[in-house]
Amino acid sequence: MPQEHKHPKKSSDEVEEVEASPSTDAADRKEALDDDVDAILDEIDDVLETNAEDFVKSFIQKGGE
Amino acid sequence: MSVRRVMGAEVEYGISVSGQPTANPMVASSQVVNAYASATVRARRARWDFEEESPLRDARGFDMSRQVADQSQLTDEDLGLANVILTNGARLYVDHAHPEYSSPEVTNPLDLVRWDKAGELVMLDATRRAATLPGEPQILLYKNNTDNKGASYGAHENYLMSRATPFADIVRHLTPFFVSRQVVCGAGRVGLRQDGHDHGFQISQRADFFEVEVGLETTLKRPIINTRDEPHADPERHRRLHVIIGDANLAEMSTYLKAGTTALVLAMIEDRFLDRDLSVEGPVSALKKVSHDPTCRALITVGDGRKMTAVQLQMEYLELSRKYCEDRYGSDIDEQTADVLSRWESVLTRLERDPAECARELDWVAKLKLLQRYRDRDGLDWDAPVLHLIDLQYADIRPEKGLYHRLVRLGQIDRLLDDETVEQAMHEPPTDTRAYFRGQCLSRYPEQVAAASWDSVIFDLPGRESLQRVPTTDPLRGTREHVGELLDNSPTAQALVAALTH
């Protein structure tokens, strides 16, 4: 038990190290996000109904409530 | 009270028949309801009890044989009868030209989300069952509120309130709240004006369809505050506030905050805690102004002439709610009320900074983000058909086609509940309202329940000439705590009715 108590918290050095390299990190993240957006739009493209104009036009409702 | 209160949600789904734009929506809606009823409601189909005050035998008129479900036999007269009660205590029926799911009574916003989402699964299951009939085309359902051609259909909420609260107080304090809450619970819409004639994106599906401040109508001259007063409870003690201004939400957080924040404001109104005048100048036009500005920067004039954004007006209600809960509960505040307050604050803070930060939680922001990505990628203006298609298909209830569902699957939208919890609620009622008694009667004694409604269950018992009506006037009786043991000890409906009338 006492040993566990002595477990050090994350050293401040470690934290600083992470913060020390922001530029490449941010660039990586941006790239990952852009890939992500492309992947998302690709997936949405795949499920969108074909012939958007006709599909939307034919969606005619009566009022409700 | 807190966010806890008896409440429910009533959603009319948009409907179309694949490849048949001129199909009769009433027939299609009936096919959906009947397909679900035939497949899942065991034996006799308990009917909705419309005329609670009429002689009991009349209720037999609503008890049709299952043959009527045969689509070829549907006539206009029969169409009005596509109307069933489910074992989860909900009502599934055809309202005008739309299938509608009215959730069972629940006592808190998270349960409202749960049984409202269960309604989406019921509708999905119903369309799949309808499609298995030979020769039947696929029926598509959309959880939205407009066809963008001038028609709108509702997603109503209902909240049980104290009869002692003057209606004028409700109108005064709730109107500014309703004008502004769309920034949290709008579903987003491509198209401006009722018929979508003008191009652009707006926060709410419904805002452009509201024309007056207060009224009884729901289909014409829609009012911000609806005065319909069907308490479905003791009218001396309760009113049932019928809220018609909301959008149908897919995002769980939107529904959760919609019901949770509204319940908090109602609690403050009932307790006469609101001393601040937050009346909005010209609420009907302010409603549209707020909706038409997805940057959330539009200014509206409030009370003594202060100008503020809808987000800031919501923050006034948030601050009052915090004070109210601190005053009433202090550190004894219940978990869900504390959760609603903290999520509400978080969402408003981010909406104030940059609405895009709420894309993981709120329908309108998630939809707008997707639309913007298409606009950026393909250089599209707001009149582009594909943007209108994205708006519509966001609300498609099929997991494989609905864009809300795709975004959830892609990890873009957060949820509050897991699939299993929602699926369970398709069949099981809430345990803490009279919906428990209703739902349990239907699952335990399907052969003997002739009809039911919010405030009654009617039995047709062998050997009894007249039907036996069990009133369920108090929404908070008939819970598992009240009747669980009684039901467990009643192997038959006869035994139950005997015990109740003992």
Side-chain angles (χ1 to χ4, degrees), chain A, chain B residues 10 12-16 19-22 25-26 95-98 100 140 142 144-156 190 209 217-220 222 226 244 370 373-374 376-378 384-393 396 398 400-403 405-407 409-412:
Chain A
M1 285 297 272
Q3 278 175 334
E4 280 182 31
H5 274 278
K6 281 186 179 172
H7 237 65
K9 286 183 179 172
K10 256 190 181 175
S11 78
S12 52
D13 287 355
E14 273 179 279
V15 177
E16 273 169 25
E17 250 181 297
V18 172
E19 285 174 354
S21 54
S23 53
T24 49
D25 237 32
D28 284 353
R29 272 189 56 217
K30 173 96 173 60
E31 204 170 306
L33 271 177
D34 286 347
D35 281 351
D36 225 0
V37 172
D38 286 342
I40 286 164
L41 294 191
D42 283 349
E43 166 127 9
I44 301 292
D45 281 340
D46 285 347
V47 299
L48 279 178
E49 303 284 356
T50 48
N51 201 339
E53 189 162 7
D54 286 351
F55 196 89
V56 168
K57 258 190 200 154
S58 68
F59 184 71
I60 301 165
Q61 299 295 293
K62 293 205 162 143
E65 308 174 73
Chain B
E10 314 147 26
E12 295 174 351
Y13 286 72
I15 184 164
S16 66
Q20 298 182 17
T22 57
M26 279 171 276
D95 194 5
H96 301 277
H98 302 271
E100 174 163 340
L140 308 178
Y142 297 86
N144 64 2
N145 302 102
T146 180
D147 63 359
N148 220 20
K149 296 168 188 69
S152 185
Y153 33 99
H156 301 169
V190 177
F209 294 92
E217 295 271 10
T218 58
T219 53
L220 291 162
R222 291 185 185 85
N226 184 233
I244 68 167
L370 179 61
R373 284 171 164 179
Y374 267 83
D376 291 346
R377 188 189 70 177
D378 302 340
V386 72
L387 299 182
H388 286 274
L389 177 63
I390 289 169
D391 184 9
L392 174 60
Q393 211 175 321
D396 188 325
R398 292 173 294 172
E400 67 277 16
K401 291 295 263 185
L403 302 188
H405 290 284
R406 300 315 306 170
L407 290 173
R409 199 71 63 87
L410 287 161
Q412 300 290 299

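Computation of the quantities below employed the complete heavy-atom set of this structure, encompassing side-chain atoms and omitting hydrogens, waters and symmetry-equivalent molecules. Just so we're on the same page: letters track the sequence lines, and every chain starts at 1.
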- prompt: Going from CD1 on Ile60(A) to CG on Asn148(B), what distance comes out if it is rounded to the nearest 0.5 angstrom?
  reply: 12.0 Å
query: Going by heavy atoms in the side chains, are Thr218(B) and Asn226(B) under 4.5 Å from each other?
result: yes
field: Side-chain touch Pro25(B)/Ile15(B), heavy atoms, less than 4.5 angstrom
entry: yes
query: Which bit of Lys401(B) comes within less than 4.5 Å of chain A, counting heavy atoms only: side chain, backbone, both or neither?
result: both
query: Which atoms of Asp396(B) come close to chain A, meaning under 4.5 Å heavy atom to heavy atom: side chain ones, backbone ones, both, or neither?
result: side chain
- prompt: Side chain, backbone, both or neither: which part of Asn144(B) has an atom under 4.5 Å from a heavy atom of chain A?
  reply: side chain
query: In terms of heavy-atom proximity below 4.5 Å to chain A, should Glu217(B) be classed as side chain, backbone, both, or neither?
result: neither
message: Are Tyr374(B) and Leu389(B) packed together at the side-chain level, in the sense that at least one heavy-atom pair is separated by less than 4.5 angstrom?
response: no
field: chain A contact via Phe209(B) - side chain, backbone, both or neither, heavy atoms under 4.5 Å
entry: neither
field: Minimum side-chain heavy-atom gap Leu403(B)-Leu48(A) below 4.5 Å
entry: yes
query: Side chain, backbone, both or neither: which part of Arg409(B) has a non-hydrogen atom closer than 4.5 Å to chain A?
result: neither
task: Measure the shortest side-chain to side-chain distance between Glu53(A) and Asn51(A) over non-hydrogen atoms and say whether it is less than 4.5 angstrom.
output: yes
message: I'd like to verify something: which residue of Gln412(B), Gln393(B), Arg406(B) has the highest number of heavy-atom pairs under 4.5 Å with chain A?
response: Gln393(B)
query: Would you say the side chain of Arg398(B) lies within less than 4.5 Å of the side chain of His405(B), judging by non-hydrogen atoms?
result: no
query: Are any non-hydrogen side-chain atoms of Leu370(B) and Leu41(A) less than 4.5 angstrom apart?
result: yes
task: Please state whether the side chain, the backbone, both or neither of Leu387(B) comes within less than 4.5 Å of a heavy atom of chain A.
output: neither
query: With a 4.5 angstrom heavy-atom cut-off, which part of His388(B) approaches chain A: side chain, backbone, both or neither?
result: both
message: For a 4.5 angstrom cut-off between non-hydrogen side-chain atoms, does Val37(A) reach Ile40(A)?
response: no
- prompt: So what's closer than 4.5 Å to chain A heavy atoms on Thr146(B): side chain, backbone, both or neither?
  reply: backbone
message: Does any backbone or side-chain atom of Glu49(A) lie under 4.5 Å from a heavy atom of chain B? Answer side chain, backbone, both or neither.
response: both
message: With a 4.5 angstrom heavy-atom cut-off, is it the side chain or the backbone of Asp54(A) that approaches chain B, or both, or neither?
response: neither
- prompt: Highest number of heavy-atom pairs under 4.5 Å with chain A: which of Lys149(B), His156(B), Gln20(B)?
  reply: Lys149(B)
